[in-house]
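Proteins come first, then strands; the chains are lettered A, B, ... in the order of their sequence lines, and each starts at number 1. A quick note: this is a predicted structure, and the numbers were derived from the prediction, not measured.
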There are 2 protein chains.
Amino acid sequence: MKLSTRTRYGLRAIIELAENGREAPLQIKAIARSQEISVKYLEQLMTILRSAGFVRSIRGSKGGYMLARSPNQIKLSDVFDCLEGHVTTVECVEDTKFCERAEDCVARQVWAQVQKAIKDVLQSITLQDLVDRAKDKKMSNYQI
Amino acid sequence: MKLSTRTRYGLRAIIELAENGREAPLQIKAIARSQEISVKYLEQLMTILRSAGFVRSIRGSKGGYMLARSPNQIKLSDVFDCLEGHVTTVECVEDTKFCERAEDCVARQVWAQVQKAIKDVLQSITLQDLVDRAKDKKMSNYQI
DNA sequence: TGTATAATCTACCAACATAGTAGGAATTGT
DNA sequence: ACAATTCCTACTATGTTGGTAGATTATACA
């Protein structure tokens with residue numbers, strides 16, 4: 001149960017966009033450099049995030065990407081679903097019809113518990129929360 | 001973030017072994033039939049569970065598999081680790097040295113939270129718990 | 001002692017997902 | 001016009017998953 005780089009890089013990228021605010025766009029090149037991700041690969045990830053409506057792009061010179069919505073309206077569970085492709089451990093957890101034993105299956109119960117635990121965490125965090133956390137970290141580093 | 005069949009089938013198999021008790025062995029063929037898993041594939045899974053010390057095998061005629069330990073001493077987190085290969089969302093969560101930004105990384109914090117949530121659930125459940133749950137289900141089906 | 005029944009071991013394989021790379025076209029600011 | 005960007009299409013290497021196949025070894029039982 002490892003996360004794909006798609007999800008890991010994607011999250012880091014959108015966090016950086018959130019930190020950058022919604023005044024000026026941030027270029028793929030800049031994000032790729034600071035996050036040490038291949039420009040070409042990051043392009044794909046941004047396309048995913050864009051079609052899901054989390055970020056918007058500005059083409060051409062001085063273009064780049066910005067959050068499409070306010071960071072406190074973007075929950076990590078949404079971003080995760082879009083990148084990783086839905087938080088589902090097993091299909092039968094979502095859809096009982098998937099397996100005829102589903103109703104009585106204790107294994108299914110376990111995966112349902114796990115899935116809920118993951119979802120609960122991710123639903124409780126917004127991008128704004130992460131921006132705030134990052135700020136706190138920086139402040140404590142400078143020992144203010 | 002989907003579970004592999006290795007983990008799903010493996011868990012179902014070991015649950016069935018737990019339900020079967022530790023008096024008589026259960027054959028791969030029998031488990032494969034009731035769980036609708038390929039015999040040959042299940043062989044592999046049992047090998048994994050055996051080398052991890054969860055089950056022991058009896059070779060030859062009338063042989064089969066049994067739990068190697070008492071079902072209340074086997075936590076799902078252990079079984080999961082053995083089948084899925086450790087509950088780790090990202091390497092840096094376990095080992096800070098993995099990424100130099102790890103200390104300050106808010107993304108890492110998120111994955112650490114998620115990972116802990118998963119672990120907490122799996123550590124809180126033993127095979128005995130599942131045997132009990134299954135019994136309860138059967139009883140309620142018969143409307144006792 | 002022979003035979004059936006099991007686990008065990010070794011090897012192979014097809015299909016799919018992942019994690020990219022490459023090159024060019026379209027768009028926009030200066 | 002030109003440079004800086006995003007956008008689009010296509011390709012690819014590698015690893016993982018989910019198996020299959022066949023021979024070998026161990027054991028119970030008659």
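The pair B:Glu103-B:Arg108 fails the salt-bridge criterion, with no side-chain N (NZ, NE, NH1 or NH2) lying under 4.0 Å from an Asp/Glu carboxylate O. Using a 4.0 Å cut-off between charged nitrogen and carboxylate oxygen, B:Lys116 and B:Asp120 count as a salt-bridge pair. In summary, A:Lys135 and A:Glu19 do not engage in a salt bridge, as defined by a charged side-chain N under 4.0 Å from a carboxylate O.
B:Glu16 and B:Asn20 share no side-chain donor-acceptor pair at under 3.5 Å.
Residue side chain A:Arg59 reaches the base of C:dA26 through a donor-acceptor N/O pair under 3.5 Å, judged by distance alone.
In this entry the distance linking CE of A:Met46 with P of D:dT6 reads 9 Å, nearest Å. Across the protein-nucleic acid pair, B:Arg56 atom CZ and C:dT8 atom C1' stand 17 Å apart, rounded to whole Å. Rounded to a whole Å, the CD atom of B:Gln27 is 15 Å from the C1' atom of C:dT8. In this structure, A:Leu49 atom CG and D:dT6 atom C1' are separated by 15 Å, rounded to whole Å. Spacing between atom CD1 of B:Ile28 and atom P of C:dA6 amounts to 11 Å, rounded to whole angstrom units.
Residues B:Leu83 and B:Tyr41 share a hydrophobic cluster, clusters being chains of Ile/Leu/Val/Met/Phe/Trp/Tyr side chains in contact below 4.5 Å.
Using a 4.0 Å heavy-atom criterion, one finds that B:Lys62 contacts the sugar-phosphate atoms exclusively. Here B:Arg50 lies in heavy-atom contact (under 4.0 Å) with sugar-phosphate atoms only.
Here the shortest heavy-atom pairing between A:Ala134 and B:Val106 reads N-CG1, 3.7 Å.
Heavy-atom nearest nucleotides on DNA chain C were determined for B:Lys40 and for A:Glu43, and the one closer to the 5' end corresponds to B:Lys40.
Contact check, B:Ser57 against C:dT8: a side-chain N or O comes under 4.0 Å of OP1 or OP2. Remark: B:Lys29 is not in phosphate contact with C:dT5, judged by side-chain N or O atoms under 4.0 Å from OP1 or OP2.
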For nucleotides 17-20 of chain C, give me every protein contact, N/O to N/O, under 3.5 Å, one pair per line with atom names.
residue	atom	partner	partner atom	Å
C:dA19	OP1	A:Thr5	N	3.2
C:dA19	OP2	A:Thr5	N	3.1
C:dA19	OP2	A:Thr5	OG1	3.0
C:dA19	O5'	A:Thr5	OG1	3.1
C:dG20	OP2	A:Tyr9	OH	3.4
C:dG20	N7	A:Gln44	NE2	3.2

